[in-house]
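Step one of this worksheet: look at the structure below.
Note that these values count all heavy atoms, side chains included, but never hydrogens, waters or copies made by symmetry.
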Amino acid sequence: MRKHLGEMSDIQVVSTLLQVQGLHVLDLGCGPGHNARLLAESGADVLGLEPDPVQAERNRESPAFPGVQLSEGRAEALTQADESVDGVFLFRSLHHVPMDSMDKALAEAARVTRPGGFVFVLEPSIQSSHTALMLPFHDETQVRGAAQQALDRAARGLFASHAQYACLQHIRYESFEQLLTRFSSMSFNDISAKKIDQPGVREAFSKGRDDQGFSFDQVSLIDVFRLA
């Protein structure tokens, strides 16, 4: 049974469940490094690894940030030594790992984590209005389901303990054009603006209007594993 934490941002969830100050951690599938920087601001020493070579190159060209190193790397093929980090984070990245490599990615996370350390996985639920909005142009039902199955298998074999949580988040847009830009500019997904801009998506988007623009709920599922 998952414990619901209420409405929280990613870093608020981390602050509620973990103490990261002074720890050396990995952020796997770090994207542009947003959460890596927030973890560093919370006192962690962070190595963010991004598998997409285009985003990884952008990261190399980005300004330095204290406590953060961004590099290219794949969750299923880590080069870090055994028991070399205090914790591993995967923020919405496990479902982007090839389905036949998800178990390997979690095994790699366990391998590089020191005894007593943690592996923190946050994945989007398919039961959310933002997911429903995405379905016509980016259906992640299969890969998100595969990620949850991999987490269940990992809980039974890799870790000493497993705690499950959920939180509510809201994804906001100022306009439909912002939605188009967000998804069509992702270097790791081949989603064209034409594929997004269809009547059904526009109609679903219009239903999210509020006094600040457009808002859609996203339930996030959190799994926290501990090493013995």
query: Under 3.5 Å, is there a donor-acceptor pair between the side chain of S125 and the main chain of L221?
result: no

message: Is there a path of hydrophobic side-chain contacts, each under 4.5 Å between heavy atoms, that joins F120 and V25?
response: yes

query: So among L49, V68, N35, N59, which one has a side-chain contact (heavy atoms from CB on, under 4.5 Å) with C30?
result: N59

- request: Rounded to the nearest 0.5 Å, what's the gap from CZ on R153 to CG on L158? Could you check?
  value: 10.5 Å

message: Quick one: does any side-chain atom of S101 pair with a main-chain N or O of V97 as donor and acceptor, under 3.5 Å?
response: no

field: For T113 against A109, the heavy-atom pair lying closest together
entry: OG1-O, 2.6 Å

4.5 Å side-chain heavy-atom contact, Q12 and L5: no

message: Quick check: do L39 and F91 have side-chain heavy atoms less than 4.5 Å from each other?
response: yes

query: How long is the span from the OG atom in S187 to the CD atom in Q55, to the nearest 0.5 Å?
result: 5.5 Å

task: Take L227 and F159 through the test side chain to side chain contact (heavy atoms under 4.5 Å, CB included) and record every step on the way to the result.
output: CA-CA 5 Å; L227 278 292; F159 301 98; 3.6 Å; yes

Joint hydrophobic cluster, V224 plus L28, side-chain heavy atoms closer than 4.5 Å: no

statement: Distance col, row M134:CE vs I196:CD1, nearest 0.5 angstrom, shows 9.5 Å

query: Given side chains that start at C-beta, do those of Q80 and L47 come closer than 4.5 Å, heavy atoms only?
result: yes

message: Would you say NE2 of H34 has more than 12 non-hydrogen atoms from neighbouring residues, nucleotides or ligands within 6.0 angstrom?
response: no

message: Evaluate R74 against E108 for salt bridge (Lys or Arg N to Asp or Glu O under 4.0 Å), listing each step before the verdict.
response: CA-CA 10 Å; R74 303 191 68 84; E108 282 287 270; over 6 Å; no

query: Is it true that R172 and D210 have a side-chain N and a carboxylate O under 4.0 angstrom from each other?
result: yes

query: Has the side chain of T131 got a donor or acceptor atom that lies under 3.5 Å from a matching backbone atom of Q127?
result: no

query: What's the verdict on side chain to side chain contact (heavy atoms under 4.5 Å, CB included) for L151 and F225, showing C-alpha distance, side-chain angles and the deciding distance?
result: CA-CA 10 Å; L151 290 166; F225 301 100; 3.7 Å; yes

field: Student check: side-chain heavy atoms of D197 and F176 closer than 4.5 Å
entry: yes

- prompt: Does CD in Q142 sit with more than 12 non-hydrogen atoms of other residues, nucleotides or ligands closer than 6.0 Å?
  reply: no

message: Assigning hydrophobic clusters by single linkage (Ile, Leu, Val, Met, Phe, Trp, Tyr; side-chain heavy-atom cutoff under 4.5 Å), is L90 placed with Y165?
response: no

- request: Before giving the answer on side chain to side chain contact (heavy atoms under 4.5 Å, CB included), spell out for K207 and F216 the whole-Å C-alpha distance, their side-chain angles and the decisive distance to 0.1 Å.
  value: CA-CA 9 Å; K207 295 177 181 178; F216 303 89; 5.9 Å; no

query: Roughly how far, to the nearest 0.5 Å, is CG of L133 from CG of L179?
result: 5.5 Å

field: Exercise: identify the closest heavy-atom pair between G116 and R226
entry: O-NH1, 3.3 Å

- request: Examine distances only and state if a side-chain atom of E50 and a backbone atom of G31 form a donor-acceptor pair shorter than 3.5 Å.
  value: yes

query: Can you tell me how far CZ of R111 sits from CG of L78, rounded to the nearest 0.5 angstrom?
result: 6.0 Å

Contact check, side chains of D10 and F89, non-hydrogen atoms, under 4.5 Å: no

field: D139 bridged to R144 by N-O distance under 4.0 Å
entry: no

- prompt: Does I222 belong to the same Ile/Leu/Val/Met/Phe/Trp/Tyr cluster as L94, with side-chain heavy atoms less than 4.5 Å apart forming each link?
  reply: no

query: Is the backbone of K195 close enough, under 3.5 Å, to the side chain of S192 for a donor and an acceptor to pair up by distance?
result: yes

field: Contact summary for A150 and L106, nearest pair of heavy atoms
entry: O-CD1, 3.6 Å

- prompt: Taking all non-hydrogen atoms of both residues, which atom of S93 and which atom of E123 are closest, and how far apart?
  reply: N-OE2, 3.5 Å

H96 side, atom NE2; F188 side, atom CZ - distance, nearest 0.5 Å: 5.0 Å

- prompt: Do D217 side-chain atoms and S128 backbone N/O form a donor-acceptor pair below 3.5 Å?
  reply: no

query: Hey, any chance V14 and V119 share a hydrophobic cluster, counting ILVMFWY side chains that come within less than 4.5 Å of each other, even indirectly?
result: no

task: Of all the heavy-atom pairs spanning S184 and A193, show the shortest one and how long it is.
output: CB-N, 3.8 Å

message: Tell me whether the rings of Y173 and H130 are parallel (<30°), tilted (30 to 60°) or perpendicular (>60°).
response: parallel

- prompt: Between S42 and Q21, do the side chains contain an N or O donor and an N or O acceptor separated by less than 3.5 Å?
  reply: no

Nearest atoms (heavy-atom pairs only) where A160 meets A228: CB-N, 3.6 Å

